[in-house]
Novice: 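Before we start, here is the structure in question, set down as C-alpha cells.
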Amino acid sequence: MSTTEIGGPSWRARLRALTPNTRRVLYAWAAAVAVIAIGSLFNPDFATWSSLRVMLVVASFIGFVAAGQMLVVLVGGIDLSIPWVLNGAAIVLTTTSLGQTGRTGLALALALGLGAVIGFANGMGVAWLGVPAVVMTLGMNGVMQGLTLGLSKGLTCASCASYAPKPLREVFVDKVFGVPAQLLLWAGVALLLTVLLTLTTFGRRVYAVGVSPRGAYLSGVSVRGVTVALYTLSGVFAAIAGIALVAYGGQPSLGLGDPYLFESIAAVVVGGVSILGGRGHYVGVVAGSLTLVAVVTFLQAQRVPEYGRSIIYGLVILAILLTYGREKSNA
Amino acid sequence: MPDRLRRLLSGPASLGYAVLTATAVTYLLVYTTNLGHLPTSFDYLSILNTTLPLVFVAIGQSLVVITGGIDLSVGGIVAFCVAVTATRVHGSGLTPFAWLLAILALGTACGAVNGVIVARARIAPILTTLATLSIFSGLALWVLPVPGGSIPSGVRMVLTNPTVPTGLIWLSLAVLGWLVLRRTRFGMRVYAVGSDETSAVAIGVPAARIKIAVYALSGLCSALAAVFYVSTTTAGDANAGGPFILTSIASVVVGGVAFSGGRGSALGAMAGAVALTLVIDVIFFAGIDPLYQSLFQGLFLVVAVLLGTGAALIARARRGAL
C-alpha cells in the first residue's frame with residue numbers, strides 16, 4: 001500500500017478522481033473481463049477469437065435493443081414495447097420483401113419506419129399526454145402484439161413463409177476481413193451513439209433532462225422534444241434488432257422479441273447506466289451485453305441445466321448490481 | 001351514506017370502479033345480444049375462478065407500487081409456488097392444507113428476500129426483482145421441469161369449487177383484509193413511505209422494515225395466486241407465472257394506483273384485475289378474432305389511464321372555477 005503512495009497517487013485515489021460516469025464504464029468492462037477470465041479458467045477455448053466472435057455476435061442483438069433502452073432510461077423512462085416492435089418489424093421485413101432482392105430497400109424502409117412510428121407514438125404519449133412510460137409502452141407492446149398476430153393471422157398468412165432477401169443476409173452475416181459484418185455495424189452504432197451523447201448539444205440535453213427535467217426545461221431545453229426523439233430512436237433500434245435477427249435466422253417467428261425485454265434492461269444496468277436516469281455511456285452497455293452473453297455461454301458450455309442457468313444468471317446480475325448498481329442512501 | 005358514497009367515488013380507486021363498471025356493462029350487453037339470455041350463474045362462477053389468481057397478484061403489486069416500487073418477480077414467485085403446489089400437495093384430510101400453509105410461507109419468504117435487497121442493499125426495485133425473477137423462475141423449473149402435477153379434489157372443493165361460489169368467500173376475505181390493513185399503523189406507514197420516504201424516515205417511520213414487509217406481503221399474495229391457479233387448472237406449469245408480471249402491472253394502473261407512489265388502493269387494483277379479465281370475455285363474445293386480444297388489452301390500458309388523467313384535469317379545473 002505504502003509503495004504505491006510513494007510512486008504517485010494510489011489506484012484507489014485515481015479511480016476516485018474519475019467522474020462517476022467513467023468509473024461505471026470501467027466497472028462494466030471489469031465485470032465482462034472477469035466473467036470471460038473465469039470462463040477460460042474452466043475451459044481454455046472460452047477466450048479464443050472464434051469463441052469470442054460467436055459471443056459478440058449474440059451480444060450484438062442485445063446491444064441493438066439495449067441501445068434504444070439506454071436512451072430512454074437516460075431520461076428516466078423505460079421502453080417495454082421492445083419485444084413486439086422487434087417482432088413486428090421482423091415480420092414486416094420478410095412479408096414485404098417476399099425474399100426478393102429487388103424489394104430489399106422497400107422492406108428495410110418499412111421495417112425501420114414501423115419502429116420509428118411506434119417509438120414516436122410512445123414518445124408523444126409519454127411527453128405530451130403525460131402517460132407514465134411504463135403504462136404507455138406496456139400498452140403499446142400489447143397493441144403491437146395484437147396487430148402482429150391478427151394481421152399475420154398468427155404467422156400463417158400467404159406471404160408469412162417468405163425469407164429475408166439475400167443481400168440483407170450478406171450485409172449482416174458475411175465476413176469483412178474475418179469480422180462478421182454485423183459486428184462492424186454494432187461498432188458503428190456504438191461510435192455514433194457515443195459521439196451523439198458526448199460531443200453534441202443534443203447529447204448534453206439528454207443528460208440534462210435525465211438529471212432534472214425541470215432544471216433542463218427552465219434552461220431552455222425542449223424536454224418534450226428530446227423525450228419524443230429518444231423514444232423514436234428506441235423504436236428504430238428495436239426494428240434494427242428485428243432486421244438483424246431475421247437476417248441471421250432467415251425467417252421470423254412469433255415471440256422472437258420476448259427475451260429481449262428484460263435482457264435489454266439488464267444489459268443497460270450491468271453496463272453501468274443508472275436506472276434513475278442521467279448517468280451512463282453506451283460503451284458500458286456494450287460490456288453489459290457481452291457480460292450477459294458470456295455468463296449464459298459459459299453455463300451452457302458447462303452443461304448446466306436450464307433451471308441452473310436461470311438461477312445463476314439472476315445471482316450474477318444481483319452480484320454485479322451489489323458492486324456498482326446501488327443507490328445512494330437517503331437516510 | 002351519500003357522503004360515504006361520494007367519498008368512495010372520488011377516492012383513488014374510483015378509476016378502477018368506473019372502468020370495471022363500464023367493462024361489466026359491455027360484457028352484459030355483448031353476452032345477451034349474442035346468446036339471447038343473461039349470463040348464467042355458471043358464467044359468473046367461471047369468471048370469478050379464472051380472475052382470482054390475478055386479483056391476488058394485483059393486490060400484492062398495488063402494495064409495492066404504493067411504496068413507490070415495482071415487483072417483476074411476481075411471475076417467478078407464482079411459478080415457483082405453482083410448481084410446489086402441483087407436485088407436493090397430496091393426501092387427504094388436513095395434510096394438503098398444512099402443505100398450502102407451507103407454500104404461503106414459502107411465497108412470503110421469497111418476497112422478503114426482495115424486500116431485504118431493496119431496502120437494505122438499496123438496489124432499485126425494478127432491478128432487484130428482475131434478477132430474483134430469474135432466480136425464482138429457475139427454482140420453479142427445478143421443481144417441475146415439465147408441466148404436470150395434480151391437486152387433491154378436497155382442496156378444489158374449498159378453494160375454487162366448480163359449483164358453489166367458494167371463491168366469493170376468499171375474495172371478500174381479501175377485501176376485508178385490505179380494509180383492515182389500510183387502517184392499521186402499518187397501512188398508514190406504507191402510504192407515508194410511498195409519498196415521501198425522506199420525510200417518513202424523519203418522523204420515525206422505519207422505512208426499511210415497512211418495505212421488507214410490503215415485498216413479503218406481495219410474495220404471500222403471489223403464493224395465494226399460485227394456490228388458486230393450480231386449484232382452477234388442476235395442474236401446474238413452471239411457465240405459469242410469466243403472464244402475471246405485465247397483467248398485474250396493468251391491473252394496478254387501471255385501478256388508479258399512481259406509479260409515483262403514495263396514492264391508490266388495492267381495491268382499485270382488484271377492480272382493475274377483474275376488468276382486464278372481463279375484457280377477454282367481451283372480445284370472445286363479440287366474435288373478435290382472439291389473435292387481436294392483446295391489441296384490445298393494450299388500448300384498454302392506455303385509454304383507461306388517459307381517461308383517469310382527463311377526469312383529474314376536469315376535476316381540478318372545476319375546483320379552480322368554484
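To find a chain, count down the sequence lines: A is the first, B the second, and so on, and within it residues start at 1. These numbers come from a predicted model, not from an experiment.
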Novice: With chain B as the partner chain, list the residues of residues 118-131 of chain A whose heavy atoms fall under 4.5 Å from it, by residue number, and write 'none' if nothing qualifies.
Specialist: Leu129(A), Val131(A)

Novice: Nearest 0.5 Å please: distance from the OH atom of Tyr313(A) over to the CG atom of Leu133(B).
Specialist: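 Tyr313(A) OH to Leu133(B) CG: 11.0 Å, rounded to 0.5 Å.
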
Novice: Out of curiosity, Thr132(B) OG1 to Ile311(A) CD1, how far, rounded to the nearest 0.5 Å?
Specialist: 12.5 Å

Novice: Has Gln251(A) got more than 12 heavy atoms of other residues, nucleotides or ligands less than 6.0 Å from its CD?
Specialist: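 Yes, because the 6.0 Å sphere around CD of Gln251(A) holds more than 12 heavy atoms from other groups.
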
Novice: Can you name the residues of residues 288-297 of chain A that have some heavy atom under 4.5 Å away from a heavy atom in chain B?
Specialist: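 Listed by number: none.
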
Novice: For Leu318(A) versus Ala131(B), what's the shortest heavy-atom pair and its separation?
Specialist: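 Where Leu318(A) meets Ala131(B) most closely, the heavy atoms are CG-CB, 3.7 Å.
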
Novice: For the residue pair Ile317(A) and Leu130(B), establish whether any side-chain heavy-atom pair is separated by less than 4.5 Å.
Specialist: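 No - every pair of side-chain heavy atoms lies 4.5 Å or more apart.
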
Novice: Who in residues 277-298 of chain B is close to chain A, using a strict under-4.5 Å heavy-atom cut-off?
Specialist: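 Answer by number: Leu291(B), Tyr292(B), Ser294(B), Leu295(B), Gly298(B).
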
Novice: Could you measure the distance from the CG atom of Leu127(B) to the CG atom of Leu321(A)? Nearest 0.5 Å is fine.
Specialist: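 If we round to the nearest 0.5 Å, Leu127(B):CG and Leu321(A):CG are 5.5 Å apart.
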
Novice: Using heavy-atom distances under 4.5 Å, tell me whether Leu246(B) contacts chain A through its side chain, its backbone, both, or neither.
Specialist: both

Novice: Within residues 134-141 of chain B, which positions have a heavy-atom distance to chain A below 4.5 Å?
Specialist: Ser134(B), Ile135(B), Ser137(B), Gly138(B), Leu139(B), Leu141(B)

Novice: State, with a plain yes or no, whether a side-chain heavy atom of Ile126(B) is found less than 4.5 Å away from one of Ile78(A).
Specialist: yes

Novice: Answer with side chain, backbone, both or neither: which region of Val135(A) has an atom nearer than 4.5 Å to a non-hydrogen atom of chain B?
Specialist: both

Novice: How close do Gly139(A) and Leu301(B) get, counting heavy atoms only, and between which atoms?
Specialist: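 For Gly139(A) and Leu301(B), the tightest heavy-atom pair comes out as N-CD2, 3.7 Å.
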
